[in-house]
Amino acid sequence: MGRKIQAEPGLLLPRLIRPHRAPLLWLVLPFCGGLIAARMGWPFSRTAALETGLAAAMAAITAALASGRLAGRWWAGSLLGALACAGFAVGRTAVLNNELAVRRLFVPGMQSVPLRIMRLGSPRPQGPQLRSLTGTGQLSSADPSLIAFRLLLLPGENPPAPASTVELTGVFHPVSQRGGLDSYAGYLRSQGVALELSPAWLHRTVAPPPWLAVRFEVFAERLSALLRLGFDRRPDLGALYQAMMLGRKAELSPSQLALFAASGTQHLFAINGLHLGLVALSCHALLKLLRCPRPAASALVLAVLWVDVQSTGASPSAQRAWVMAAAVEAAHACWLPINPLAALTVAAAALLAREPGALFSASFQMSCSVVAGLILLGAPYASWLQRRFCAYPHAAAQRLTQPQQTRAAAQRHVLGALGFGAAAAAVSAVTGVEYFGRFAPSGLLANLLLMPLATLVIVAGCAALVSGLLHLGAATLVFNSAARLLLQAIVAALQAIVQLPGASWSLHYRAPWVGPLALAALLATCLWGYAHRWRPARCGWPPPFLVAAGALLLGAKSAPAATRAGDHALLPWGISRLASAVDQTRPRGFPPGDEIGLRTRHGTSCEIGPFRQSAPGPGKESQAGGNRPRLSGQTRRAGNLPQAAARVRPGRCQGRRVRKDSKADHQRARPP
């Protein structure tokens, strides 16, 4: 093995396989266990938890001061028990605060409450004139309870500014307990929200946002304007560019969201470690050319990353990535070895200390679990693959010809990407079904092909933003043009990948506890293997992949046809909406192979999924008048299709010519 490592320089160093020391991890895990126990509703009061935790802390201090082999074990166990009790007390406090807010605010009728806006979405159409936006707010600084709201905006009314305090008028509703974590109600439950103000109207603005928040918003709009240069003819690619650089996923069309979700590459829109890492590397390269000292360079890079995080919305994944970057930059400035596991632990501990309820959010769980999988499983597995399948294991690197060096380097990079991709795919397979209801086997291939292109897009975007801020308009246009070409290649590759057989499956777990248990088991096997250096005597590499495969084969099942929102994702959005409406209109118990004849106002006829649309001919409209739908034959009426008349006839297709409705058609259709 040692000979192989010396043969080719550039291999992942064997120190990546050695378990890094992360003592803070064993303090975070029992605290998280206490939070989970409180969320599950264990019959243990908050007072009893505090008393037990205090007794365990005193026992830990006493055991630490004592001498002997047994005292060391008692010290560790007592400390873990104290932290678990502290986590339970904190989680129980949050649950009691939510119940208190529900009892205090949930009264019938309209109410007007002041809310300090914490998170705010983008306005969406809500009818011909109204617009709606969703968000969460806090009642006051003394009351940490979060309230969700759905705000209706009148024509000409502007949405409230982020971080401002507004007075909303509406009706409170308890958050629904139905729906999985991939639904909006599941997202609110994961954030610890118990009440929703829906619908709500903006009564007045109590206090404007802070000055710093306004400056960040203005700076974000300037960055957005710079990124829009050169995308006038391709606004769809411009929306992708904005989402990848600024995290503005609201500008993406539903068909684009469905395309990236079906391929398992929706993480490209998150402001995560990849985005901040590339920005940090670009800043370091520039500061190194300017001969900037290492401590000053680390401080400047952290400042740039902090501005980037605040300008893009300060999502939990971005905050976690910034804390990790701060730990790495501190080690870099002090000339210390970089410990990625300790940096991830520090980031998770900082976020949980600030907001303990973030443990149950999809963003926190997905970002931390994927990064932990890459550190614990991806890096060692990639290093093992590079050593196991070395191109020239018995040849010295100095004696290799140029083609041989090129082949060895290419093989080394491919194997490294395969190792990291396999680890990310194992974690994403479990979390994708849990939070998105979809399993994308093509995600590994898509990520292997698209991650280099996405990296180049982010680098080009950073260069375009720096050029724009320096008032170099021509350079900004050049970098944006390069990013546009890369985005075209990304979209074309995704459209080809999702057409492969079995590229995406609609799945959901058989029970709500299957997903969290599978994710916990996957991370536990990764910790076990990492602690024992993935030796074959300790089960080696298979356990994490077996856990992911078992969760999918034994704990998941295919989603019902009515809930498969992504089945028509590759169709145009108008046809997709029409297809979902037809699927909801088809009555239960009707054979799936039957054909549906659909007559539209525009006289078009096309095929939607397993159904065929055609016209029943003139005079077959609904007897109720207008274009209201009606089901006839052996079926019953189950719903309405807007501006369409439907006839369901099993077994054959009505192949008549489609014509637009007219007064003459109605007159000819009357019986004699």
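Everything numeric here is computed off the predicted structure, so don't read it as measured data. Residue indices begin at 1 and follow the sequence shown.
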Compare every heavy atom of [Y] with every heavy atom of [X], then report the nearest pair and how far apart it is.
X    : Y    : value
V90  : P356 : CG1-CG, 3.6 Å
V309 : Q319 : CG1-N, 4.4 Å
F360 : L35  : CZ-O, 3.4 Å
A261 : R438 : O-CD, 3.6 Å
P199 : L152 : CB-CD1, 3.7 Å
L552 : A429 : CD2-O, 3.8 Å

Roughly how far, to the nearest 0.5 Å, is [atom2] of [Y] from [atom1] of [X]?
X    : Y    : atom1 : atom2 : answer
S255 : F260 : OG    : CZ    : 10.5 Å
T136 : F149 : OG1   : CZ    : 7.0 Å
L246 : L227 : CG    : CG    : 5.0 Å
L96  : R46  : CG    : CZ    : 5.0 Å
L507 : S558 : CG    : OG    : 6.5 Å
Y435 : S428 : OH    : OG    : 12.0 Å

Quick check against the 3.5 Å criterion: does [X] have a side-chain atom that pairs as donor or acceptor with the backbone of [Y]?
X    : Y    : answer
S164 : A161 : yes
H508 : E434 : no
R131 : E157 : yes
E196 : R150 : no
Q111 : T169 : no

If we ignore angles and hydrogens, is there a donor and acceptor under 3.5 Å between the side chains of Q242 and S224?
yes
Could you verify whether a donor N or O on one side chain and an acceptor N or O on the other, from T265 and S263, lie under 3.5 Å apart?
yes
Check whether any side-chain heavy atom of [X] sits under 4.5 Å from a side-chain heavy atom of [Y], and report yes or no.
X    : Y    : result
V433 : Y509 : yes
L352 : F364 : yes
L115 : Q138 : no
F172 : M110 : no
Q365 : T431 : no
L240 : F231 : no
I36  : L359 : yes
L257 : S253 : no

Return all side-chain donor-acceptor pairs below 3.5 angstrom for residues 202-223, not counting sequence neighbours, or 'none' if the list is empty.
from, atom 1, to, atom 2, distance (Å)
R204, NE, E167, OE1, 2.7
R204, NH2, E167, OE1, 3.2
E221, OE2, R248, NH2, 3.4

Decide if atom CZ of R354 counts as having more than 12 heavy atoms of other residues, nucleotides or ligands within a radius under 6.0 Å.
no
Determine, stepwise, if the pair S369 / L519 fulfils side-chain contact (heavy atoms from CB on, under 4.5 Å).
CA-CA 8 Å; S369 60; L519 182 60; 3.9 Å; yes
